[in-house]
Amino acid sequence: MCVCAWISLSRAVFVFPFFISFRKRTLSGAYFTAGSYSMNNSSVATAEKKETALYRMRHSLSHLLAAAVLEIRPDAKLAFGLPVENGFYYDFDFGDTPIGEADLTDIENRMNALIKKRIPFVRSEMPLDEALAHLEKGGEVYKMEYARELEEKGFAENGNISFYTMGDFIDMCEGPHLEHTGEVPKKSFKLDRISGSYWRGDETRPMLTRIYGLAFESGAELKEYLEMRKRAMERDHRKLGDELDLFIQDPEVGVGLPLWMPNGTIIRDELEKWARETEFLGGYQRVSTPSVTRKELYIRSGHVPYYEDSMYPSMPVDEHDDYYLRPMCCPHHHKIYASRLRSYRELPVRLCEYGDVFRYEKHGSLSGLLRVRAMCMNDAHIYCTPEQVEEEFRAVIDMYLMYYGHLRMGNFRVRLSLHDKSSDKFVDNYEEWERTEAIVRNVLDNLGVTYEEESGEAAFYGPKVDIQVKNLMGREETVSTCQLDFVMPERFDLTYVDAQGEKQRPFILHRAPLSTHERMISFLIELYGGAFPTWMAPEQVRLVPVNDEVMPYAQELEEKLRNAFVRAEIDTSSESFNKKIRNAITRKIPNIWILGKQEQESGSVTWRRYAVKEQQSVSFDRALEALETLRDKRMMDNFADVDLPL
RNA sequence: GCCGGUGUAGCUCAGAUGGUAGAGCAGCUGACUUGUAAUCAGCAGGUCGGGGGUUCGAUUCCCUUCGCCGGCUCCA
């Protein structure tokens, strides 16, 4: 089976030629993005950016914000204020009297007044006890906590804590800052929104009020960013999902439980079909397993207790049995593997399933299709020998890159997600963590993939490689994941018999390259702006007759298309011709075939694509053939650089 | 779950400092039969998210609850 898989994978390369060129780009370490900006304003700027002028300006603006806030709310306590990707923020504790968005204009005006005064930023240092005394005088409990921590961890410079003074405002801060407030360019910043934020990001600590501001090097750039953000809203998958009848959500069904409309279901089906073919070529075997399962299984797997918080509460079925909606398919697949004795000769065993899974996400984190409570996952588990792990992992990553390349999802980064010793979210087995993390790191290094390591991001049962994608709003989510599991083989007593007749433990890879339908399609909708390639499009061809005279011709073609399994519709409305064209375009249908007297007489169609302006007249037979090629080769004809295969 | 915002016809939005609401698009009907992004006319659509309170009277004020949006936490 192993040899067979090799052949299959090289065939996969042949079938999807884009794979090779994409791989090269990735191997060179390029991190290419679709847009010039990301809209994320939550991630903290990295260390190497600290020296830039923009960083200093944003950092100084956060001080200006704090100073202005203290003018109207002298009792507010300061927490952290930092530069972020598109601006800055500052966290405050306003006690029992919250601040609202109506206050932002006032604060912004006060900041501008401070800017006009060209107040210098002056750095000073104090020993810890002096610093604490100073902070205590101002009631700055958060800063005091942090000052003590800096001292304990030895981060205080020469045992001193640094402060920056700007006029009457003094803040414990490591800098760097502008020389003076006047260096902030005119109209280059804007207070954006207010949100909550836990102190130190810990939900057991106080909820603070965070004020976000946008800031750029010039007023023009700020304006450009705001316009870009407005344009991006037009591509929001929730808006397009509604307009294109892809999916709905209904409070009576339940939040986070999307209902896929006929159009959206076609997109799911097409992805699923592609996955089936790819997995067949990759030597996978399909299985089907149930969505509800006894608690016992999840105790064995460790989902209870490690994952219980993210699961729907259990259902008591009778006095002895509790059932759960499954949050993952893995335990079921493990049971299939364990159902009989396995020989090393049949490894790797690759079991795949597009499986429905259910996770009880916190209400506030739900968002369109991006974060839901019921989802369908492109799941699979690969059971292999230790010797096969690297090769299998490599094949999985290759499959990811093929999918991403083909779908033109370029805006991603690879994250090596490691455990965190200080957290109880992970299975306690230091040696195995070290060992498996080294294996995964090695695979990535050998592939030449550029990646970033992050601890505390692993699955509870092992390290993983995640593909992180940012959506339009700059929200980054894990789309695909590949996990190396050293825990479940033990828990499920999974074995295989080796060449010596000895029982051995296999490794398990968990992988989901196409993510869940929900998350993957939410990204695709936004990436394509709702304009899908012919192979995925709910309606592949819109037949537009110029007048009723050609309706019989249109009906003849529609029937031929239907018999060729093409999703085509005739526009039979009594609208004007212009309106029919417009309707087809606003529905983002990839192909419009115009039928008039000329076309009828010559047995042809005039082909107008969504992606390109130029149109051409071709015989129906040729057009159908080209359409089938578009479909069967899954060509990305929603991009203008893809020509019709005529 | 927490913080801030928001909720008027299927969609996008008007509106009145408390006297039960309008437009465009979509829908339906009719006329028009059109060659590349909106033909014309008519009709129909809402107990102004739900519940409670204040009031002679609430969509408008207050409370509460639900949904949605942006964050935080969490995560595919």
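Excluded from the calculations below are hydrogen atoms, water molecules and symmetry mates; all remaining heavy atoms, backbone and side chain alike, are included. Within every chain, numbering begins at 1; the chains are lettered A, B, ... in the order of the sequence lines, protein sequences first and strands thereafter.
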[X]: what forms a salt bridge (charged side-chain N to carboxylate O under 4.0 Å, His left out) with it, not counting sequence neighbours?
X        : value
A:Glu353 : A:Arg326
A:Arg238 : A:Asp236
A:Lys580 : none
A:Arg511 : A:Glu279

If I take atom [atom1] in residue [X] and atom [atom2] in nucleotide [N], what distance separates them, rounded to the nearest angstrom?
X        : N     : atom1 : atom2 : value
A:Ile570 : B:U33 : CD1   : P     : 21 Å
A:Arg519 : B:C75 : CZ    : C1'   : 6 Å
A:His517 : B:A76 : NE2   : C1'   : 13 Å
A:Tyr553 : B:U33 : OH    : P     : 24 Å

So, using side-chain contact (heavy atoms from CB on, under 4.5 Å) as the criterion, who are the partners of A:Leu70 when residues are at least two apart? A:Ala76, A:Leu78, A:Phe169
Is B:G45 syn or is it anti, if syn means the base angle is within 90 degrees of 0? syn
Along nucleotides 37-50 of chain B, 5' to 3', which nucleotides get a B, which get an S, and which get a -, given that the test is a protein heavy-atom distance under 4.0 Å? BBB-----------
Taking atom [atom1] in both [N] and [M], what distance in whole Å separates the two?
N     : M     : atom1 : value
B:C75 : B:U12 : P     : 33 Å
B:U20 : B:U60 : C1'   : 11 Å
B:G71 : B:A9  : P     : 26 Å
B:G10 : B:A44 : C1'   : 13 Å
B:C74 : B:C48 : P     : 41 Å
B:G18 : B:G53 : C1'   : 15 Å
B:G19 : B:G57 : C1'   : 7 Å
B:G22 : B:A37 : C1'   : 29 Å

For [N], does the base pair up with any side-chain atom of [X] as donor and acceptor (N or O, under 3.5 Å, distance only)?
X        : N     : value
A:Thr516 : B:A76 : yes
A:Glu599 : B:G35 : yes
A:Glu549 : B:U33 : no

Tell me whether the centres of the aromatic rings in A:Tyr324 and A:His303 are closer together than 6.0 Å. no
Hey, are [X] and [Y] close enough for a salt bridge, meaning a charged N less than 4.0 Å from a carboxylate O?
X        : Y        : answer
A:Arg587 : A:Asp571 : no
A:Glu476 : A:Arg519 : no
A:Arg542 : A:Glu569 : no

State which of B:G5, B:A76, B:C2 makes the closest approach to the side chain of A:Met377.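 Out of B:G5, B:A76, B:C2, the nucleotide with an atom closest to A:Met377's side chain is B:A76.
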Which nucleotide, B:A76, B:G1, B:G35, lies nearest any side-chain atom of A:Arg359?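 Closest of the options to the side chain of A:Arg359: B:A76.
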Could you check whether A:Asp93 and A:Thr209, counting side-chain N and O atoms only, form a donor-acceptor pair closer than 3.5 Å?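 No, because no side-chain N or O of A:Thr209 sits under 3.5 Å from a partner of the opposite role on A:Asp93.
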With sequence neighbours left out, the residues meeting side chain to side chain donor-acceptor pair (under 3.5 Å) with A:Arg235 are none
Mind checking side chain to side chain donor-acceptor pair (under 3.5 Å) for A:Arg200 and listing every partner two or more places apart, or none if nothing turns up? A:Glu149
Give [X] one of three labels, base, sugar-phosphate or nothing, depending on what nucleic acid heavy atoms sit under 4.0 Å from its own.
X        : answer
A:Lys597 : base
A:Gly201 : sugar-phosphate
A:Val255 : sugar-phosphate
A:Glu477 : base
A:Lys613 : nothing
A:Glu101 : sugar-phosphate
A:Thr478 : sugar-phosphate

Strictly under 3.5 Å: I want the nitrogen or oxygen pairs between protein and nucleotides 9-14 of chain B, one per line.
none

Taking only residues two or more places apart in sequence, or in another chain, which ones meet A:Trp433 in a ring pair (Phe, Tyr, Trp, His ring centres under 6.0 Å)?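 With sequence neighbours excluded, A:Trp433 shows a ring pair (Phe, Tyr, Trp, His ring centres under 6.0 Å) to A:His419, A:Phe426, A:Phe486, given in chain and number order.
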List the atom pairs, donor and acceptor, that lie under 3.5 Å between side-chain atoms in residues 99-107 of chain A and the rest of the protein, sequence neighbours left out.
from, atom 1, to, atom 2, distance (Å)
A:Asp103, OD2, A:Gly100, N, 2.8
A:Asp106, OD1, A:Arg110, NE, 3.1

So, does A:Arg238 get its side chain near the phosphate of B:G70, meaning an N or O under 4.0 Å from OP1 or OP2? yes
At less than 4.0 Å, is any side-chain N or O atom of A:His363 found next to OP1 or OP2 of B:C74? Yes or no. no
The correct set of residues in residues 366-375 of chain A placing a heavy atom under 4.0 Å from RNA chain B is A:Leu370, A:Arg371, A:Val372, A:Met375
